[in-house]
Number of protein chains: 2
Amino acid sequence: MSSGESRTGGDASGRSHAAGLAHRVPDLGALELLLAVARLGSLGGAARELGISQPAASSRVRSMERQLGVALVDRSPRGSRLTDAGALVTDWARRIVEAAEAFDAGAQALRDRRDSRLRVAASMTIAEYLLPGWLVALRAQRPDTAVSLHAGNSAVVAQRLLADEADLGFVEGVSVPAGLDSAVIAHDRLIVVTAPTHPWARRRRPLAARELAETPLILREKGSGTRQVLDAALGGLARPLIEVSSTTAVKAAAVGGAGPAVLSELALGEELAMRRLVRVPLDGVSLARDLRAVWPTGHQPAGPARHLLSLTRAQPRT
Amino acid sequence: MSSGESRTGGDASGRSHAAGLAHRVPDLGALELLLAVARLGSLGGAARELGISQPAASSRVRSMERQLGVALVDRSPRGSRLTDAGALVTDWARRIVEAAEAFDAGAQALRDRRDSRLRVAASMTIAEYLLPGWLVALRAQRPDTAVSLHAGNSAVVAQRLLADEADLGFVEGVSVPAGLDSAVIAHDRLIVVTAPTHPWARRRRPLAARELAETPLILREKGSGTRQVLDAALGGLARPLIEVSSTTAVKAAAVGGAGPAVLSELALGEELAMRRLVRVPLDGVSLARDLRAVWPTGHQPAGPARHLLSLTRAQPRT
DNA sequence: TGAGGGCATAAGCTGGGGTTATGAGCAGCG
DNA sequence: CGCTGCTCATAACCCCAGCTTATGCCCTCA
């Protein structure tokens, strides 16, 4: 423990800010409560909706205000309305709660494995970024559909479908595995990104295919959908600088300045918006790829599978 | 209680699922812990990083696994690695934690009001959707910059800047208030959306400007940036079906099927992706608008203001 | 074979969040 | 004009989730 003590003083380098997040952000229950208050205009009403007592709600909101150092609701003898700051906080809180809903829907699908009526197999990128949203939507419309989820690469997805261990699959590879029918549900594109400090970040002239092929890149492992597409586009030439097994690890390496990386734009929303990574324009190579729903040839999706499929269509191009 | 029971049937309805979210989703502390375990490959290491004891970390992860009904980490005598399911869960968890970081950065800015070195005034849409991300990035680069935030419409932003109550402003209106210099930092667009059940959702032919002007719409109140742009584009003709004072309320009404709504595409990411709302193509009207940073004429942003400004540039068009 | 890192178990404390019971401010109505 | 009904606040009490320290086992490596 003494070693622990001695370290504590240093306050964990740059990460000290993130460390106490949980102490500075109200917990999910409190945020849900705040949303309910916003919607219903009354502490007591919100309490009833969440199945707790009115004093509990009152004290919880109060302690949230103390924690944030900001008045969130105007209490009056005939109801409670959000303050200006409260409205803003509530909007930010909603993002957390929505992320939590997606988490919940996903986690439920990982658990339900046994008796589920709809068994889904999906590639990692889709399972990470798209599926939770679909599951939330599905649950909203058909709350009683138990879904199970298995994530793996294209080969695994195909295998599970053909072994009747899954009813519906999603793949992101460049080709559709044999024995499966498919429908395109969205378009994705791989993009080249670097840390803002990298020389390429300031390039104006688009990168040529050859340059990309000749430069060592941070990449997903061979066999991943992302890698397949890139190799195909470059003619199998992609040179790995580092090879890692998750999108997250690729991003971490790129943000850390290890070098240029190639990633699905699906995975890069936040990083691009916050400029932790910047996109490098590319010329002469098309890294577009289709995201597809797949199912065993002949077995048109029906029932819950068909319903989920209908939710995934027409991903808008913003 | 009994009275509570009887009422519950009424409006809770679809929302019943959301009620217990906090019981089904691990709290932020647990999620942070999971991320640390993923990054460090060891429970004890993660515990040290978060400043808690190793048994605390162990038990916390265990109870998280119990709660989710899924094994998340493979413990071995020489470290812990995520299981496949654990990797997926961790990725979903990261979204929650990121939303929480944005929340925290925003909340901090609402609190710091007093002694802050950088005072920001922003329009609602920007404060809601863009600013928290910028603040997170700013904090990552300059952890000691205390920022304060005041949200209001363009007029309020201008007033605060001119009264030297703010150092930097952000507006979304159609024109730049007098006395201010500005720089375009991003492009936004208003779009027409309806619930998927609305007849317009199935339209193939784009909507003409006249049709839009003649149809009663769910709108933000007069004076809001959104409304200004729409009125300008239609020649002051927009007919309100319902007028509400927050983006959220507009979305809620639209999702509920009250009618078509006009909203910033910034506000609609989730809703479009999950198809709670669908976009109606529009023809002959340009609802594009610039988002601008503004400051008192002559007072070029310097110091922290300049730095924040540099983070906001070049919002990528996806 | 002993040192060290990693995880688990056990026993005990603390506090946040819950409950019930009660009071007080304000609106609307017979 | 005072009752009824809605709101929120305060007080006193309880419980358990999550923390701590102390310990032990397992495995690896020098």
Side-chain angles (χ1 to χ4, degrees), chain A residues 1-5 7-8 19-34 36-68 71-83 86, chain B residues 1-7 19-34 36-68 71-83 86:
Chain A
M1 274 306 106
S2 55
S3 70
E5 292 294 326
R7 197 209 49 77
T8 304
L21 239 198
H23 300 146
R24 295 194 308 274
V25 177
D27 63 67
L28 278 172
L31 299 179
E32 283 188 277
L33 175 60
L34 183 61
V37 171
R39 184 155 32 81
L40 300 175
S42 130
L43 288 178
R48 278 192 297 277
E49 175 166 296
L50 300 191
I52 63 177
S53 67
Q54 173 267 318
S58 175
S59 106
R60 205 138 191 222
V61 169
R62 188 172 298 285
S63 74
M64 189 166 20
E65 290 176 312
R66 188 162 31 77
Q67 179 179 30
L68 298 178
L72 299 175
V73 305
D74 267 337
R75 301 130 215 265
S76 90
R78 54 193 194 292
S80 296
R81 293 192 46 70
L82 294 178
T83 61
Chain B
M1 272 291 132
S2 55
S3 71
E5 293 293 329
S6 65
R7 197 210 51 78
L21 237 197
H23 300 150
R24 294 194 308 274
V25 176
D27 62 69
L28 278 173
L31 299 179
E32 282 188 276
L33 175 60
L34 182 62
V37 171
R39 185 154 33 81
L40 300 174
S42 130
L43 288 179
R48 278 191 297 278
E49 175 164 298
L50 300 190
I52 63 177
S53 67
Q54 173 268 319
S58 175
S59 106
R60 201 134 196 226
V61 169
R62 187 172 299 286
S63 73
M64 189 164 25
E65 290 177 311
R66 188 162 30 77
Q67 179 180 30
L68 298 178
L72 300 175
V73 306
D74 268 336
R75 300 132 215 265
S76 90
R78 55 191 193 296
S80 296
R81 293 194 47 71
L82 294 179
T83 61

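These numbers were taken from a predicted model, which means no experiment stands behind them. Computation of the quantities below employed the complete heavy-atom set of this structure, encompassing side-chain atoms and omitting hydrogens, waters and symmetry-equivalent molecules.
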> So, is B:S53 near the phosphate of D:dC19, with a side-chain N or O under 4.0 Å from OP1 or OP2?
Replying inline: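 For B:S53, the contact criterion (side-chain N or O under 4.0 Å from OP1 or OP2 of D:dC19) is not met.
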
> Which residue pairs pass the salt bridge (charged side-chain N to carboxylate O under 4.0 Å, His left out) test with at least one member in residues 71-83 of chain A, sequence neighbours excluded?
Replying inline: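 Checked against salt bridge (charged side-chain N to carboxylate O under 4.0 Å, His left out) - neighbours excluded - the pairs reaching residues 71-83 of chain A are A:E65-A:R75.
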
Listed by chain and number, what are the side-chain contact (heavy atoms from CB on, under 4.5 Å) partners of [X], not counting sequence neighbours?
| X | answer |
| --- | --- |
| A:A56 | A:I52, A:S53 |
| A:A36 | A:R39, A:A46, A:E49 |
| A:S58 | A:L43, A:Q54 |

>> Main chain of A:D27, side chain of A:E32: is a donor-acceptor contact present, judged purely on distance under 3.5 Å?
In response: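 Flag not set: sc A:E32 to bb A:D27 has no pair under 3.5 Å.
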
> Does B:V73 offer a backbone N or O that forms a donor-acceptor pair with the side chain of B:S80 under 3.5 Å?
Replying inline: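 Side chain of B:S80 to backbone of B:V73, a donor-acceptor pair under 3.5 Å: no, none is there.
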
Rounded to the nearest angstrom, tell me the gap between atom [atom1] in [X] and atom [atom2] in [N].
| X | N | atom1 | atom2 | answer |
| --- | --- | --- | --- | --- |
| B:D74 | D:dC26 | CG | P | 19 Å |
| B:E65 | D:dG18 | CD | C1' | 17 Å |
| B:H23 | D:dA17 | NE2 | C1' | 12 Å |

Identify each atom pair where a protein N or O and an N or O of nucleotides 7-17 of chain C are less than 3.5 Å apart, giving names and distance.
{"from": "C:dC7", "atom 1": "OP1", "to": "B:L43", "atom 2": "N", "distance (Å)": "2.9"}
{"from": "C:dC7", "atom 1": "OP1", "to": "B:S80", "atom 2": "OG", "distance (Å)": "2.6"}
{"from": "C:dC7", "atom 1": "OP2", "to": "B:L43", "atom 2": "N", "distance (Å)": "3.3"}
{"from": "C:dC7", "atom 1": "OP2", "to": "B:G44", "atom 2": "N", "distance (Å)": "2.8"}
{"from": "C:dA8", "atom 1": "OP1", "to": "B:R62", "atom 2": "NH2", "distance (Å)": "2.6"}
{"from": "C:dA8", "atom 1": "OP1", "to": "B:R75", "atom 2": "NH1", "distance (Å)": "3.2"}
{"from": "C:dA8", "atom 1": "OP2", "to": "B:S58", "atom 2": "OG", "distance (Å)": "2.4"}
{"from": "C:dA8", "atom 1": "N7", "to": "B:Q54", "atom 2": "NE2", "distance (Å)": "3.2"}
{"from": "C:dA8", "atom 1": "N6", "to": "B:Q54", "atom 2": "OE1", "distance (Å)": "3.2"}
{"from": "C:dG17", "atom 1": "OP1", "to": "A:D27", "atom 2": "OD2", "distance (Å)": "3.4"}

